[in-house]
Amino acid sequence: MAAGMGFRSHKSLLTILFGFLGLFSFTVEAATKKYQFDIQVKNVSRLCHAKPIVTVNGRFPGPTIYVREGDRVLVNVTNHAKYNMTIHWHGIKQYRNGWADGPAYITQCPIQTGNSYTYDFNVTGQRGTLWWHAHIFWLRATVYGAIVIMPKPGTPFPFPQPAREFEILLGEWWHKDVEEIETQGNQMGLPPNMSDAHTINGKPGPLFPCSEKHTFAMEVEQGKTYLLRIINAALDDELFFAIGGHNLTVVEVDAVYTKPFTTQTILIAPGQTTNVLVKANQVAGRYFMATRTFMDAPIPVDSKAATAIFQYKGIPNTVLPSLPSLPAANDTRFALSYNKKLRSLNTPQYPANVPLKVDRNLFYTIGLAKNSCPTCVNGTRLLASLNNVSFVMPQTALLQAHYFNIKGVYRTDFPDKPLTAFNYTGAPLTANLGTSVGTRISKVPFNSTVELVLQDTNLLTVESHPFHLHGYNFFVVGTGIGNFDPAKDPAKYNLVDPIERNTVGVPTGGWTAIRFRADNPGVWFMHCHLELHTGWGLKTAFLVEDGPGQDQSVVPPPKDLPAC
């Protein structure tokens, strides 16, 4: 229990602090919150194995950023590690300020060893749970943490006030160095080894060896309600999460309030966040919190469950915890049903401003392919593509090339639809459709409305893909299994209260339609949040042009922006 006690006392102090600040809501102005992130290597032991990992401030997971809606945030990142580094503030909209977004070679070049860079951004019109992580190579396997955005002073949650809050970060753990695993996979042309365990707050739990000290525990009191801020920081796995014997009430995803609904299990894709209320209303005891992979395609995954302990006050540690009953690993029906329940709150205070008129219709197919690689094991290398274009990372950051009008870095001719239509989700297609490689992005006029349909395909195999769009939230207006039908499917869209989020799962062998208004000028990355697929090229970007107004163009870059 010692590991959990420090965390609880810290949260208690935080709750008292925010409550104290709330007393002075009539005088409190937006604050400036400053953090120092030292990127440093630390030896960490899990599963009877010790290894050096890259951390922030020697912590795994890293420190939580606590802010209020309206605050300015300054995070000075100093890189003491041997790897280049960038940090992405996942879900922060960064209006006109892509310089603080963080994806390497998209909005900035990396922070090199021995150098520093200050991320300077405002938290405007957002409240809830987001997160931060490294956005270069596979370093986010250990370099990640939570962002907690409290509402403005005097503004209550639109759900019952919890007695206490806890952050729950779900992750993965490898015995070996993740960068070596990634490099080895690339050299062989094969998928790298899957993780050796999942983790909850960096700890795999007591079902794994040598985990007595590596189990997260939270203490609760009978009759009280708790808010869990759950983050999927795993590199490659969609995850179930449940607590033995207790229901979860979903109240927010990706820092957007939802219509509350109760479930025994949540499903959360890499990059997503989910806030749930849980009431300690069962027989006082010890209950396992558990997380395990969801995968409904014929692809091998790490299927072992990580656990933590939900423990009632006064119950001794000798009491054996009871496990939750998680859905089957390939339970497609649960996944589709769960995601269908997610709806925006859509109240006058928190409206769902869904674009009803669409200026630009985009249709992107998701595909895997094999390209020739004479030095690889099978003579081929796996690639991933959108509309048969596999994205190549530039050597100059795209936002810098755009802002300073540097020629030859990218092309703005990314196709709005696939050049060749086919039966996308029919029989498996092993033929290479001639996947091209290049740094090709889409140019979008300022303030135009965009509808993007993401279509999974059976090129090599169908699979679920969580897509993240930087700089924006979007509305998930429709989803389905099979091929998208432009004549029939739009009639089934939810244009009243669709869920609003920044990362969405495209179902295995299916499609998802999203809409957003392009009112944030800059260059914004869009990619699959399975790190494996991102590395294979399943990514692109939108160049949103400046608007005509005074506050509708990209702000000038900071003076300490890393050089390319």
Side-chain angles (χ1 to χ4, degrees), residues 191 238 269 294-301 330-337 339-340 358 360-372 378 380-391 413-438 440 442 450-467 469 474 476-494 504-515 526-530 532-534 536-540:
E238 288 189 75
F294 164 67
M295 171 56 74
D296 59 351
I299 295 171
V301 292
N330 61 349
D331 193 339
T332 304
R333 180 177 295 182
F334 174 88
L336 294 173
S337 171
N339 284 317
K340 196 173 182 180
V358 174
R360 180 92 168 268
N361 283 281
L362 305 175
F363 183 78
Y364 290 179
T365 56
I366 302 163
L368 301 177
K370 292 181 180 179
N371 270 19
S372 175
N378 298 320
T380 57
R381 181 193 305 278
L382 287 164
L383 286 180
S385 65
L386 289 167
N387 283 353
N388 228 35
V389 178
S390 187
F391 189 86
D413 61 349
F414 188 88
D416 284 5
K417 59 183 180 181
L419 300 181
T420 305
F422 58 97
N423 183 6
Y424 306 115
T425 57
L429 297 164
T430 56
N432 192 336
L433 297 182
T435 302
S436 65
V437 296
R440 299 169 66 184
S442 293
V450 178
E451 177 177 307
L452 168 61
V453 176
L454 290 159
Q455 172 73 62
D456 188 30
T457 71
N458 210 350
L459 288 165
L460 297 188
T461 180
V462 290
E463 187 177 349
S464 177
H465 300 271
F467 267 84
L469 176 59
F474 48 74
V476 185
V477 295
T479 190
I481 299 300
N483 297 340
F484 174 75
D485 185 340
K488 297 180 180 179
D489 286 327
K492 305 170 191 172
Y493 283 175
N494 175 8
V504 66
V506 179
T508 300
W511 57 271
T512 293
I514 66 173
R515 287 186 181 183
M526 189 189 76
H527 59 97
C528 180
H529 220 276
L530 302 180
L532 187 62
H533 293 170
T534 303
W536 290 348
L538 195 52
K539 51 197 173 187
T540 185

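Here the structure is a predicted model, which means the values were calculated and not measured.
Contact check for Thr479 versus Val504: no side-chain heavy atoms found under the 4.5 Å cut-off. You'll find the side chain of Ile481 reaches within 4.5 Å of the side chain of Leu336, heavy atoms only. A 4.5 Å side-chain heavy-atom check between Leu368 and Trp536 finds at least one atom pair inside the cut-off. Val437 is listed as a side-chain neighbour of Leu383, based on a closest heavy-atom distance under 4.5 Å. Put simply, the side chain of Leu386 reaches to within 4.5 Å of the side chain of Leu538, judged on heavy atoms. Side-chain contact between Leu452 and Met526 is present, with heavy atoms from C-beta onward closer than 4.5 Å. Taking 4.5 Å as the limit, some side-chain heavy atom of Thr457 sits within range of a side-chain heavy atom of Phe422.
In this view, Ile299 and Met295, Ala297, Thr461, Glu463 satisfy the side-chain contact (heavy atoms from CB on, under 4.5 Å) rule, not counting sequence neighbours. Remark: Phe467 engages no residue in a ring pair (Phe, Tyr, Trp, His ring centres under 6.0 Å) (not counting sequence neighbours). Taking Thr534 as the reference, nothing meets the side-chain hydrogen bond (donor to acceptor under 3.5 Å, both in side chains) condition, with sequence neighbours excluded. Considering only residues two or more places apart in sequence or on other chains, Asp489 meets the salt bridge (Lys or Arg N to Asp or Glu O under 4.0 Å) condition with Lys492. Judged as a salt bridge (Lys or Arg N to Asp or Glu O under 4.0 Å), and not counting sequence neighbours, Lys417 has no contacts. Qualifying ring pair (Phe, Tyr, Trp, His ring centres under 6.0 Å) partners for His465, counting only residues two or more places apart in sequence or in other chains: His533. Judged as a side-chain contact (heavy atoms from CB on, under 4.5 Å), and not counting sequence neighbours, the contacts of Arg515 are Pro355, Val358, Glu451, Val477, Tyr493, Leu495. The side-chain contact (heavy atoms from CB on, under 4.5 Å) search around Val462 returns Asp456, Asn458, Thr508, not counting sequence neighbours. Residues forming a side-chain contact (heavy atoms from CB on, under 4.5 Å) with Ser385 (at least two apart in sequence, or on another chain): Asn388, Ser390, Thr435. When the salt bridge (Lys or Arg N to Asp or Glu O under 4.0 Å) test is applied to Arg333, no partner is found at least two apart in sequence or on another chain. Asp485 pairs by the salt bridge (Lys or Arg N to Asp or Glu O under 4.0 Å) definition with nothing, not counting sequence neighbours. Under the ring pair (Phe, Tyr, Trp, His ring centres under 6.0 Å) criterion, Tyr364 pairs with Phe414, not counting sequence neighbours.
For the pair Arg440 (side chain) and Asp413 (backbone), a donor-acceptor distance under 3.5 Å is present. Here the side chain of Gln455 pairs a donor or acceptor atom with the backbone of Phe484 at under 3.5 angstrom. One N or O on the side chain of Asn387 and one on the backbone of Pro415 form a donor-acceptor pair closer than 3.5 Å.
Closest approach of Ala369 to Leu460, counting heavy atoms only: N-CD1, 3.7 Å. The minimum heavy-atom distance between Val453 and Ala513, with the atom names listed, is CG2-CB, 4.0 Å. Thr365 and Pro418 get closest at one heavy-atom pair: CG2-CG, 3.8 Å.
Between Asn361 and Asp416, the side chains place no donor N or O within less than 3.5 Å of an acceptor N or O (distance only, hydrogens not considered).
Once rounded to the nearest 0.5 Å, the distance linking CZ of Phe294 with CG of Asn330 reads 8.0 Å. Distance OH/Tyr424 to CH2/Trp511: 14.0 Å, rounded to 0.5 Å. Summarising the geometry, atom CG belonging to Asn483 is positioned 3.5 Å from atom OG1 belonging to Thr425; distances are rounded to the nearest 0.5 Å.
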